[in-house]
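For reference, the structure is listed below as structure tokens.
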Amino acid sequence: MKIPTVEILNVPFINTTLNDFTNQLLNEHTLKSKKAFIVTANPEIVMYANQDSDYMKILNKADYITPDGIGIVKAANKLGKPLPERVTGFDLMKDLLEKADEYQMSVYLLGAKHEVIEEAKVNIEKTYPNLKIVGYHDGYFDWETNKVADEIDALKPDFVFVALGVPRQEKWISQNIDRFQKGVFMGVGGCFDVWAGAVKRAPEFWQKVHLEWFYRLINQPSRLGRMMAIPKFMMKINKQKAKERR
Ligand code: UDP
């Protein structure tokens with residue numbers, strides 16, 4: 001089943017809920033051994049893609065782009081093309097791990113620092129004892145020899161979570177996806193750091209009031225530069241809305 005999309009500043013976002021999307025991935029991809037390339041995109045990524053045509057080409061190669069954050073949902077509302085809810089990288093990864101646990105599927109973890117990935121692996125295995133982590137590798141490897149891709153190719157995992165940061169993770173997936181026979185591939189940014197306990201996700205209160213970004217900012221002030229993309233994104237949305245009204 002094709003999921004309808006909503007275009008926001010040239011990026012097509014899937015118009016569905018987290019739950020329906022997880023089921024779509026399971027039924028249309030994992031259970032049919034059909035590959036998928038997923039990008040979870042926030043306003044910063046949309047702005048980046050609009051400035052970097054190579055990255056936009058990579059996004060065009062993705063099978064699904066999800067609205068990662070309230071900024072995208074608000075922009076969609078503003079443009080009169082509402083999306084039902086945000087589908088964040090962390091929530092989607094968690095739901096897919098739950099499915100992998102339920103169906104005893106295989107998982108490969110790629111990215112983050114060596115000690116982080118080891119700790120993340122242990123914590124994921126503790127939480128989901130029935131899934132199989134068939135392999136893992138830190139995110140500091142040689143892209144030229146790309147032994148990591150050879151390993152994934154041989155293991156044929158059901159899910160491959162790639163935490164190399166933006167834009168590296170999408171670049172790596174798009175460069176390699178054609179050689180793999182199966183697998184759901186998804187960039188997960190700093191999620192392994194959260195699984196390892198190195199970075200805490202915002203407490204539920206902050207998430208519920210949609211101020212997770214603010215919680216992260218006060219805990220990691222170095223994010224300020226990156227976050228300046230958000231007001232610029234909102235300005236662009238306002239401009240697009242004004243253009244569409246004319
Ligand atoms: N990372 C990696 N290889 C690299 C650069 C970064 O594995 O060459 C990892 C990094 O250790 C961290 C994750 O990518 O675990 C996310 O990094 P960053 O915070 O830069 O990404 P963002 O949150 O901006 O996507």
Side-chain angles (χ1 to χ4, degrees), residues 1-5 11-41 45 49 54-68 87-112 117 121 124 128 131-137 139 141 143 145-189 191-192:
M1 192 190 64
K2 194 159 163 25
I3 300 180
T5 56
V11 177
F13 285 93
I14 51 164
N15 188 354
T16 188
T17 60
L18 171 65
N19 191 41
D20 286 354
F21 183 46
T22 307
N23 287 329
Q24 159 96 0
L25 288 174
L26 197 76
N27 296 329
E28 299 295 322
H29 293 275
T30 325
L31 295 175
K32 289 184 180 167
S33 292
K34 202 173 146 219
K35 282 185 283 194
F37 169 19
I38 305 159
V39 177
T40 66
I45 291 182
D54 287 340
Y55 191 66
M56 188 62 101
K57 274 187 207 134
I58 290 175
L59 291 192
N60 288 332
K61 238 182 127 178
D63 296 297
Y64 306 100
I65 302 176
T66 81
D68 187 350
V87 177
T88 71
F90 192 84
D91 292 333
L92 182 59
M93 179 180 177
K94 191 167 144 282
D95 278 17
L96 292 177
L97 288 174
E98 263 167 33
K99 294 283 180 203
D101 190 48
E102 189 182 336
Y103 293 91
Q104 301 179 12
M105 287 170 166
S106 55
V107 171
Y108 191 100
L109 306 175
L110 174 61
I117 184 85
K121 175 186 179 283
I124 290 171
Y128 304 107
L131 59 73
K132 287 181 283 255
I133 298 185
V134 288
Y136 67 96
H137 200 289
F141 59 94
W143 284 42
T145 57
N146 214 355
K147 288 204 178 114
V148 168
D150 292 340
E151 190 183 46
I152 294 172
D153 212 2
L155 290 166
K156 298 182 181 47
D158 294 306
F159 297 98
V160 182
F161 298 104
V162 184
L164 301 174
V166 175
R168 269 175 246 102
Q169 54 199 24
E170 286 78 26
K171 211 165 154 189
W172 188 86
I173 296 174
S174 81
Q175 268 180 25
N176 290 286
I177 188 117
D178 291 340
R179 61 180 288 173
F180 301 123
Q181 289 160 45
K182 61 178 271 197
V184 167
F185 290 78
M186 147 179 194
V188 293
C191 287
F192 293 172

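- Of the possible donor and acceptor atoms, one in the side chain of T30 sits under 3.5 Å from a partner among the backbone N and O of L25.
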* Audit row: E28, K32, salt bridge (Lys or Arg N to Asp or Glu O under 4.0 Å) steps and yes/no -> CA-CA 6 Å; E28 299 295 322; K32 289 184 180 167; 3.1 Å; yes
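- In this structure, OH in Y103 is found 12.5 Å from CG in D158, a value given to the nearest 0.5 Å.
- Residue A149 comes nearest to N176 through the heavy atom pair CB-OD1, 3.8 Å, listed as atom of the first residue, atom of the second, then distance.
- Between L31 and M105 the shortest side-chain heavy-atom distance falls below 4.5 Å.
- Judged as a side chain to side chain donor-acceptor pair (under 3.5 Å), and not counting sequence neighbours, K2 has no contacts.
- Salt bridge status for D150 with R179: present, with a side-chain N to carboxylate O gap under 4.0 Å.
- With a 6.0 Å radius and a threshold of 12 heavy atoms from other residues, nucleotides or ligands, K35 has its NZ atom above the threshold.
- Counting all heavy atoms, side chain and backbone alike, F37 lies closest to K61 at CD2-O, 3.8 Å.
- Taking a 6.0 Å sphere around NZ of K147, one finds it holds 12 or fewer heavy atoms contributed by other residues, nucleotides or ligands.
- Under the 3.5 Å distance criterion, the side-chain polar atoms of E170 are left unmatched by any main-chain donor or acceptor of L59.
- F90 is not listed as a side-chain neighbour of D68, based on a closest heavy-atom distance of 4.5 Å or more.
- Using a 4.5 Å cut-off on side-chain heavy atoms (C-beta onward), L96 and M186 make contact.
- Considering every non-hydrogen atom in both A49 and M56, the closest pair reads O-CB, 3.6 Å.
- Ring geometry for F141 versus H137: interplanar angle over 60°, hence perpendicular rather than tilted (30 to 60°).
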